[in-house]
Amino acid sequence: MLPPIPTGWTKLLAHETRQPWYRELATFVDAERRNHDVLPAAEDTFLALELTPPNRARVLILGQDPYPTPGHAHGLAFSVPPGVRPPASLRNIFRELHDDLGVPTPETGCLVPWAEQGVLLLNAVLTVRAGRSNSHAGKGWERFTDAVIRALSAKDSKVVFVLWGAYARKKTALIDTTRHAIITAPHPSPLSANRGFFGSRPFSRINAELEADGQKPIDWSLRSLSASTRKSHGARRDFSTTEDTE
């Protein structure tokens, strides 16, 4: 079975998780885990939802599916555990962060501090077979994460939706643009970053949207990564607070 839905999201997603397709998804993932190396670890499947409950979610950055390289995926889009060298897409994100806000290149690729400030780092597909990008696409995860996006869109307070690349931009139809902001750009992958991701200034734009709504801006520096989190590389208890396809 899939892990329990984190507290706060349970009621919002209950209609979907009671459907036959969700049971079929759970059966598929169980079979994959029995027969293959599946990423991230089972206990980290819903880490993004655990770290960023709906009442605290202020920004959504949407990825595609987890990193397929063993040791890289830990349940947060674009993030890697402490001690793992950031993959190319994340290095490009950090380059743009520096160019946008002057933030020094972080020493870690672990984005837990962003999640703890209300940045939901959500992949559209939450699991993957090691070494095979998109291997769990089309099995039901997209329906589940679409429900997450709709739940955020239903919030009264402004949420900033960050959609990088053509795949993510397809989710625009799920978002109430009369209440929320959408920031788009090409994907930070090396294949597309030079086509408009660099120079798109997403981080200052996100903070401007939040501040215009009376919300606190995000500290993008990753300086708040705790010592215990640095030592861990995936255990959810260390993150709790109350090649590239991402």
Side-chain angles (χ1 to χ4, degrees), residues 1-54 57 60-81 84 87 89 111 115 120-153 163-171 173-174 187 189 233-237 239-240 243-246:
M1 296 296 293
L2 292 170
I5 304 298
T7 303
W9 291 100
T10 309
K11 185 178 293 186
L12 292 175
L13 301 174
H15 175 73
E16 300 297 335
T17 57
R18 292 171 183 156
Q19 300 302 312
W21 68 262
Y22 189 78
R23 292 192 293 273
E24 293 169 5
L25 170 64
T27 299
F28 167 77
V29 175
D30 281 349
E32 284 284 289
R33 289 197 184 279
R34 285 195 302 270
N35 296 297
H36 305 281
D37 185 11
V38 171
L39 309 173
E43 63 268 22
D44 289 331
T45 303
F46 296 126
L47 183 61
L49 301 182
E50 181 178 334
L51 292 183
T52 312
L60 180 143
I61 297 179
L62 186 67
Q64 188 166 344
D65 72 336
Y67 294 123
T69 303
H72 284 200
H74 70 132
L76 301 178
F78 295 105
S79 181
V80 291
V84 175
S89 290
L111 306 182
L120 180 60
L121 297 163
L122 183 71
N123 280 315
V125 175
L126 298 186
T127 56
V128 69
R129 188 187 297 183
R132 291 188 56 188
S133 298
N134 296 314
S135 52
H136 287 189
K139 302 299 183 180
W141 278 128
E142 295 91 341
R143 183 166 177 173
F144 177 83
T145 54
D146 281 358
V148 173
I149 295 171
R150 288 192 186 95
L152 291 185
S153 180
L163 308 178
W164 288 329
Y167 179 90
R169 286 197 299 273
K170 294 177 182 178
K171 306 299 182 179
L174 305 175
H187 195 278
S189 160
H233 93 155
R236 291 186 301 161
R237 62 182 178 273
F239 295 152
S240 180
E243 106 57 20
D244 283 353
T245 57
E246 298 206 28

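- A heavy-atom distance below 4.5 Å is not found between the side chains of W141 and V128.
- Inter-residue side-chain proximity for R143 and Y22 is flagged as unmet; no heavy-atom pair is nearer than 4.5 Å.
- Remark: the backbone N or O of R18 is paired with a side-chain donor or acceptor of R23 at under 3.5 angstrom.
- With contacts defined as side-chain heavy-atom distances shorter than 4.5 Å, the pair L174/S153 does not qualify.
- Atoms CD1 and CG, from I149 and L122 in turn, are 6.5 Å apart once rounded to the nearest 0.5 Å.
- Between M1 and D30, the closest heavy-atom pair is N-OD2, 2.6 Å.
- Closest approach of G63 to A77, counting heavy atoms only: N-CB, 4.0 Å.
- Atoms CG and NE2, on N123 and H136 in that order, are 13.0 Å from each other to the nearest 0.5 Å.
- With rounding to the nearest 0.5 angstrom, the CG atom of L39 is 13.0 Å from the CG atom of L126.
- Between the T52 side chain and the A115 main chain, a donor and an acceptor come within less than 3.5 Å of each other.
- Taking CG of L62 as the start and OG1 of T145 as the end, the distance is 7.0 Å to the nearest 0.5 Å.
- Here the shortest heavy-atom pairing between G8 and P54 reads O-CG, 3.2 Å.
- The aromatic rings of F46 and F144 sit tilted relative to each other, their planes meeting at an angle between 30° and 60°.
- Remark: aromatic rings of Y167 and H187 are distant, center separation not under 6.0 Å.
- The shortest heavy-atom contact between D146 and K171 is OD1-NZ, 2.8 Å.
- Judged by distance alone, with hydrogens and angles left aside, the side-chain atoms of S135 form a donor-acceptor pair with the main-chain N or O of R132 at under 3.5 Å.
- Note: I5 CD1 to K11 NZ = 15.0 Å, rounded to the nearest 0.5 Å.
- Side-chain contact check for L47 versus P40: every heavy-atom pair is 4.5 Å or farther apart.
- Partners of A137 according to the side chain to side chain contact (heavy atoms under 4.5 Å, CB included) rule, which considers only residues two or more places apart in sequence or in another chain, are V125, N134, E142.
- Looking only at side-chain heavy atoms (C-beta outward), E43 and P3 stay at 4.5 Å or farther from each other.
- The closest side-chain heavy-atom distance from L120 to L49 is below 4.5 Å.
- Nearest heavy-atom pair, H72 versus P87, reported as atom, atom and distance to 0.1 Å: ND1-CG, 3.8 Å.
- When atom types are taken as modelled, the side chain of R169 and the backbone of L163 share no donor-acceptor pair closer than 3.5 angstrom.
- For V84 against G71, the heavy-atom pair with the smallest separation is CG2-O, 3.5 Å.
- Atom CG of L152 and atom CH2 of W9 lie 4.0 Å apart (nearest 0.5 Å).
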